[in-house]
Structures are given as C-alpha cells and as structure tokens.
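Accompanying notes for the structure given below.
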Number of protein chains: 2
Amino acid sequence: MASHGVRGRSGGRPTLEEVAARAGVGRGTVSRVINGSPRVSDATRAAVEAAVAELGYVPNTAARALAANRTDAIALVVPEPETRFFAEPYFSDMLKGVGSELSDTEMQLLLIFAGSDRERERLAQYLAAHRVDGVLLVSVHADDPLPDLLTQLEIPAVISGPRSAAEPLASVDSDNYGGARSAVEHLLGRGRGRIAHITGHLAVYGAQRRVDGYRDALREAGHEVDEALIEPGDFTEDGGRRAMAELLRRHPDIDAVFAASDVTAAGAGQVLREAGRRIPDDVALVGYDDSAIARHMEPPLTSVRQPIEEMGRAMIDLLLTEIADRRPAASRGLERHQVVLATELVERRSS
Amino acid sequence: MASHGVRGRSGGRPTLEEVAARAGVGRGTVSRVINGSPRVSDATRAAVEAAVAELGYVPNTAARALAANRTDAIALVVPEPETRFFAEPYFSDMLKGVGSELSDTEMQLLLIFAGSDRERERLAQYLAAHRVDGVLLVSVHADDPLPDLLTQLEIPAVISGPRSAAEPLASVDSDNYGGARSAVEHLLGRGRGRIAHITGHLAVYGAQRRVDGYRDALREAGHEVDEALIEPGDFTEDGGRRAMAELLRRHPDIDAVFAASDVTAAGAGQVLREAGRRIPDDVALVGYDDSAIARHMEPPLTSVRQPIEEMGRAMIDLLLTEIADRRPAASRGLERHQVVLATELVERRSS
DNA sequence: ATCACTTGTGGGAGCGCTCCCACACTACCT
DNA sequence: AGGTAGTGTGGGAGCGCTCCCACAAGTGAT
C-alpha cells in the first residue's frame with residue numbers, strides 16, 4: 001500500500017526522463033527496465049530501479065497507451081441490467097475466477113453493464129475508442145449484435161457459452177452434453193425408466209446440448225427416446241411449472257424429471273407435489289446449476305454443478321493469449337479456441 | 001449501436017488530423033467541435049460533424065488523456081471481497097443510482113474490488129498512476145488507509161457514509177440520526193414504553209448516530225434513557241441473536257426492539273419467538289434498511305428505508321463537481337461537501 | 001478613417017511514453 | 001589483421017490529442 005518517494009518536487013509526478021537523468025542513463029534504458037526487457041545489464045537495472053524507488057515513479061498509462069497502442073485493461077461486459085447480474089451467484093463466481101486469474105498480471109478489469117439501449121450505445125463508443133485490449137462476454141443472447149461488433153473492431157474477445165457449434169469467437173463452456181448425460185445416467189442407475197426432460201430456452205445453445213445429452217444417454221442405455229417426454233421450458237420457475245403440468249397430463253406415469261435448471265426444477269417440484277406425487281418416492285427430480293436453491297429445496301435437489309469459477313479463469317487465459325497473439329499479427333483463425341470444462345453431478349435426496 | 005463509416009481506409013482508425021483535412025479546417029477547429037466549444041461558427045461545425053460521421057471518427061482516449069491530463073473515467077471502489085458485495089442489494093441499488101446519473105456524461109464507470117491485500121496493492125498502483133479522475137468509496141471502515149491515500153494523491157473522492165463528524169472527504173449519507181428517531185417515535189406512538197436498541201457495529205459512524213437518535217427520541221418524549229436497554233450488535237444476524245438473548249435476560253419486560261439493521265432484527269426475532277414472545281403483540285420489532293428480508297419476514301418487518309439509489313446519484317453529483325472544481329485550481333477546502341438524505345419509515349405488521 | 005474589441009480559425013508546441021535505428025564495445029572466429 | 005556476431009545503450013521520431021498564441025475578419029464607437 002505504501003506510496004513513498006519524493007512527490008511533487010518539481011511540480012507533478014516524475015517522468016521517465018527524470019528517472020533516466022537521476023540514474024544517469026538514457027530514456028530507452030529506463031523504458032527497458034520498466035518493461036522487464038532482458039537486454040539490460042544488472043548494474044544498470046539496479047541503478048534504474050533505485051532511481052524509480054527514490055522518485056516514486058509510476059508510469060503514465062495514457063502516454064504508454066498512446067505510444068504502444070494498448071491499454072492494459074480488459075472489460076467484462078454483461079449485457080443485462082445490473083439487477084439480474086447481482087441476483088445470480090453465477091456472475092459472482094465467475095468474477096471471482098476472473099479476478100484471481102488476473103491478479104498475476106498488470107491487466108485491469110473493468111465491469112461494464114449494457115442492459116439498456118443507452119448503456120449499449122455507450123459501450124459501442126467505448127469499444128470503438130479501443131479503450132480496452134480485450135473483452136469478456138457473459139450470457140449473450142443468440143441474436144446479440146455485440147459479438148459481431150467486436151469482431152468488426154478486431155477486439156479480442158472470449159464468450160462464455162458459445163452461441164452455436166460454429167461460434168467464431170473464442171469461447172469457454174461447461175460440458176452441457178456430458179452434464180445432461182450424467183444426470184440421465186444417474187436416474188437410469190436408480191432404476192427410473194420413464195424420464196422426462198424439461199429443456200432450457202432452446203435458443204440457447206447450451207440448452208440444445210443438454211437435450212442431446214439426454215437423448216444419447218437414453219439411447220445408449222437401450223431405451224427408445226419418446227419425444228413426448230421432452231417439454232420445452234425457458235430456464236424459469238414458471239416455465240418449469242407449465243412444462244411439468246403438461247408432462248403430467250400427457251404422461252401420468254413419469255417416474256423421473258431432469259430439468260435444465262434448478263429454478264425450473266423448483267417449479268416442476270411444486271406442480272408434482274400439488275399433483276400428489278412424492279419426491280423422490282414417486283418421481284425423482286434432477287436440476288442443473290447446483291445453485292443455492294438446490295440446497296434449500298425440500299427435499300434437497302440433485303443437480304449438475306458447473307465449474308463457474310474455473311470457467312472464469314479459463315476465459316482470462318484464452319483472452320490473454322488472444323491479446324498476446326494479436327500483437328505480432330500472428331496466425332489468426334487457424335485453431336479455434338474453444339474450452340469445455342467438465343461438470344459434476346451433486347447427488348442429494350431428490351433422486 | 002451502428003458503427004458505419006469508412007473503416008481502415010488508410011490502415012487504422014481515422015485521426016483528428018484526417019477529419020480536419022476532410023472538412024477543410026484546422027486541427028484546432030475539429031478539436032473545438034468535438035469538445036463542444038461554442039466558439040465555432042454553425043457552418044464550420046456542420047462541416048466537421050459531417051466529416052466525423054463519414055470517417056467514423058472516434059477520439060483516441062489515450063491521446064486525449066495524455067494531452068489534457070484527464071481520463072474521463074471514475075472508479076467505484078469497493079473495499080470488500082466480491083462475495084459480500086453481491087450478497088447485499090445495497091450495492092446493486094447504489095450502482096443503479098450511480099449509473100443513471102452518469103449516463104448523461106462522457107464519464108466511464110469502473111468497478112474495482114479491493115478485498116484482498118493483493119487487490120489493494122494493485123488499486124494503490126492504479127490510483128498512483130492516476131488512471132481515474134475521481135473515486136467513489138463505499139462501505140469504508142474507519143481505519144481504512146484508502147481515504148488518506150486518495151487525499152495524498154489529490155484525487156477527488158466521495159465517500160458514502162462519513163467515518164466521523166469531521167470527515168475530511170466529501171460524503172453522502174442518509175440521516176441515520178433522524179431515521180433512528182423516527183423508528184423510536186413510531187414505537188412510542190404505538191404505546192411502547194420499554195424500547196431496547198440493538199446497535200450496529202459501533203466503529204461505524206452511522207451506527208453511533210442511530211444510537212444518538214434513539215436516545216434523543218426517548219429523552220424528548222420525556223423518557224429516561226436506560227443504558228441497559230442499549231445492547232451492542234454488529235449488523236449481523238448472529239449479533240442480533242446474541243444481543244436479544246442478553247436483553248431478554250436483563251430485561252424480560254421489554255415491549256419493543258429497535259435493531260440497527262434488518263438482519264439483526266431477524267436474528268432478534270428468532271430469539272424472541274423461541275422465548276415465547278409474540279411479534280408484535282408482546283414485543284414490537286423495527287429494523288433498518290428496508291431490505292428484501294424485511295418484506296419476507298413473518299410478520300413483515302417495519303423498517304427504516306434509506307434512499308440508496310438517490311445516494312448514488314448524489315455521490316456522482318458531488319464527485320463531478322469536485323473534479324470540475326479541481327481543474328482550474330479552485331477554492332479548495334472552503335466548503336465541506338456533505339450531503340445527508342432523509343430516510344423513511346416503512347410500517348409493516350411487526351410493530 | 002482610426003482604434004478597440006469580439007469572434008472564429010490555424011497550427012506550433014508539447015503531453016510522456018515506446019519503438020527502433022545507430023553506435024560503441026566485446027568476443028570469438030577465420 | 002580483418003570479419004562477423006552478439007550485447008548494451010542513447011536518443012530521434014512519432015503516437016493523437018489539447019492548449020494557447022497569433023492572426024484575419026467583422027463590428028461599432030469615436
């Protein structure tokens with residue numbers, strides 16, 4: 001925290017030039033020391049470092065940004081109103097991962113919300129002005145123009161949750177397919193045979209992958225997939241209620257439900273209970289996200305956990321690589337940068 | 001969102017100089033138009049604006065920052081780990097106020113967490129490099145060195161919740177004294193005579209002021225203040241439980257409790273119920289913050305609402321003024337900038 | 001016609017860095 | 001002896017702006 005050194009002796013903050021004079025070297029040499037170049041003799045480096053310490057020199061970021069054409073800052077862009085952001089622990093966990101991974105670097109993290117049109121307009125300006133070296137994009141909708149804007153501006157970006165199998169941007173995702181499979185396999189292992197699936201919003205790629213995982217798990221276990229057991233939801237509690245009611249109407253003999261989110265499972269659970277079904281005795285229930293609600297439900301909900309903090313870390317890794325690659329106009333577009341992290345089934349009493 | 005214009009015609013982004021050439025004017029004139037100077041004829045302004053639009057010109061912030069010695073960015077510094085930040089709706093509301101007030105300006109808001117030592121170190125560097133024009137400080141502890149650092153670096157700053165009556169920084173606060181008074185007066189008006197107070201963490205100035213308000217309300221109503229009815233808490237639920245247990249032990253005849261926060265009230269309520277006291281029949285309960293928990297308690301909790309969003313707005317106003325004042329080396333330290341906003345008692349069934 | 005302002009405009013200087021070329025020096029081959 | 005690398009260093013040029021001085025042109029009072 002200390003910030004000693006000779007402040008304001010000659011008016012303002014010391015400049016690189018003053019450090020050079022003090023150390024008896026040239027400007028270039030000081031710049032090399034500051035930036036950790038190896039092409040400096042030990043003696044010179046020591047002299048410069050002493051001068052830096054004595055003067056309390058801190059590089060002027062604006063000058064550096066202007067000369068080097070970089071900002072040493074990246075933005076975490078959240079295309080949602082603040083309220084939703086804060087409501088979900090998802091973001092908080094992700095932020096934790098991002099922050100921890102960034103703490104070894106000089107990079108500064110900016111949090112930018114772009115929920116309203118006005119905020120989006122400002123964000124566009126901000127990006128056009130290249131005020132960040134890269135962007136982390138979380139929870140983007142499939143039709144969001146933001147990713148394209150970033151591509152057009154040639155700003156390195158990493159997206160959490162690709163928008164399709166052909167996502168052009170670098171992306172980090174959890175294994176939705178595998179997560180869904182593990183949930184269904186778990187239910188099969190518990191002897192359940194009539195397993196329904198309430199999907200997430202199918203415009204979201206991850207929701208589609210979960211359906212794929214559901215199907216394949218059943219097929220590979222030798223079951224036929226009954227499409228009538230798949231009911232579209234939208235990740236919400238209300239959607240879960242609607243879907244569950246519909247499923248019960250069509251298939252009163254259901255003995256298990258795999259829901260694409262915990263809140264959806266919560267909604268489904270209510271409807272099941274109202275219909276006199278006991279959980280897990282009559283119907284087993286599995287959710288997705290392993291959120292707080294899963295632990296607090298009655299009975300506690302079996303759920304698929306995504307390694308969100310780790311995803312945050314992976315996003316930073318990818319982004320920093322992209323940024324570094326960009327500098328020497330490197331091999332663009334050769335390898336697609338897609339990271340997929342494993343999920344984990346957390347078993348509780350609902351199944 | 002549109003970002004049309006001729007991109008990359010001559011390699012990179014267009015510069016001010018190119019805009020000037022295109023519009024057939026000098027650099028200075030373009031700068032004046034961009035910055036909204038009135039000393040430009042209408043015809044010239046129109047020509048420049050056309051050129052700006054055609055070229056898709058966006059000012060280079062780094063160059064501007066370097067030349068003008070300002071960054072057009074302010075930081076909201078949260079000296080807490082992210083988790084706590086997200087847990088409390090307080091911050092989300094404040095952010096909303098800050099964001100809305102800022103949306104009319106060119107200022108960019110950065111969110112910086114400084115919970116760990118490492119993060120603090122980075123923040124110190126960041127501030128020393130003057131990467132922001134001003135700082136908003138929320139939830140600072142009395143012994144935090146951050147405010148002094150800001151003063152020393154001569155960075156304009158506004159603090160939410162002054163650390164003492166003699167807070168040197170500009171500050172915005174809600175009327176803790178008045179809020180406490182209104183709570184106690186409300187209880188008195190309901191015919192309660194033995195009113196206890198579970199305080200907040202007394203190292204927090206606002207908590208002290210609430211105690212003052214409690215005392216004065218009783219005194220002015222002609223009651224004697226029984227110091228044994230004041231039990232120190234720490235804003236937490238657990239603190240509320242402990243304090244309530246202690247109060248019941250000392251004063252089984254209490255008929256009302258004013259708690260310094262809603263969670264404290266929740267803790268107190270549990271203990272009261274376990275002791276067989278009915279709320280509000282036997283003991284009336286009033287909290288502070290009007291948080292979500294207040295609405296969801298059984299019975300719903302009467303609570304003192306603070307205008308948090310408005311506080312956020314007021315902080316930005318103060319900060320922008322400070323920043324503007326600083327520019328022409330203005331009258332420093334003459335008037336203390338302290339804003340205190342009124343609270344509102346929200347009556348519910350607990351009292 | 002002269003002076004004194006006001007208004008609008010152009011462009012030099014300079015903000016504090018990084019990049020890179022030039023150069024001195026050493027070390028080790030032919 | 002000459003050549004060829006490699007290493008460490010200094011400093012010019014330039015990044016894209018803002019600031020401010022200089023100056024042209026217009027306006028109105030004397």
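Each chain gets a letter, A, B and so on, in the order the sequences are listed, and its residues count up from 1. Note that the structure is predicted; figures quoted are calculated from it, not measured.
Judged by closest nucleotide on DNA chain C, B:R45 is the one of B:R45 and A:A62 placed further toward the 5' end. Sequence order on DNA chain C of the closest nucleotides to B:V30 and B:A67 puts B:V30 first from the 5' end.
Distance from the side chain of A:R32 is smallest for C:dC20 among the nucleotides C:dC20, D:dC17, C:dG10. In the set C:dG16, D:dC17, C:dT9, the nucleotide with an atom closest to the side chain of B:Y57 is D:dC17. Of the listed nucleotides (C:dG16, D:dT9, C:dT18), C:dT18 has the atom at the smallest distance from the side chain of A:L16. Among the nucleotides C:dT18, C:dG14, C:dG16, the one closest to any side-chain atom of A:S31 is C:dT18. For B:V25, taking side-chain heavy atoms from C-beta onward, the closest of the listed nucleotides C:dG10, C:dG16, C:dT9 is C:dG10. When each of D:dT9, C:dC17, D:dC17 is scored by its nearest atom to the side-chain atoms of B:R27, the top-ranked nucleotide is D:dC17.
In this structure, the separation between CG on B:L102 and CD on A:E119 is 10.5 Å, given to the nearest 0.5 Å.
Computed from coordinates, the A:I34 CD1 to C:dC17 P distance equals 8 Å when rounded to whole Å. A straight line from CG of B:L66 to P of C:dA13 spans 18 Å, rounded to a whole angstrom. Across the protein-nucleic acid pair, A:E106 atom CD and C:dT18 atom P stand 12 Å apart, rounded to whole Å. Straight-line distance from the CG atom of B:N35 to the P atom of D:dC19: 7 Å, rounded to whole Å. Whole-Å rounding puts the B:R39 CZ to D:dA25 C1' distance at 15 Å. Atom CZ of B:R13 and atom C1' of D:dC15 are 12 Å apart (whole Å). Regarding B:H130, its NE2 atom lies at a distance of 17 Å from the P atom of C:dC15, rounded to whole Å. In this structure, B:R64 places its CZ atom 9 Å from P of D:dC19, rounding to the nearest Å.
Between B:D104 and A:R118 a salt bridge is recorded (basic side-chain N to carboxylate O distance below 4.0 Å). Ion pairing of A:R313 with A:E309 is present here, as a side-chain N (NZ or NE/NH1/NH2) and a carboxylate O approach within less than 4.0 Å. Between A:R120 and A:D144, at least one side-chain nitrogen of the basic residue sits less than 4.0 Å from a carboxylate oxygen of the acidic one, meeting the salt-bridge criterion.
Residue B:T29 places at least one side-chain N or O under 4.0 Å from the OP1 or OP2 atom of C:dG10. Between A:T44 and the phosphate of D:dG8, there is no side-chain N or O to OP1/OP2 separation shorter than 4.0 Å.
One side chain, A:S41 or A:T44, offers a donor N or O that lies under 3.5 Å from an acceptor on the other.
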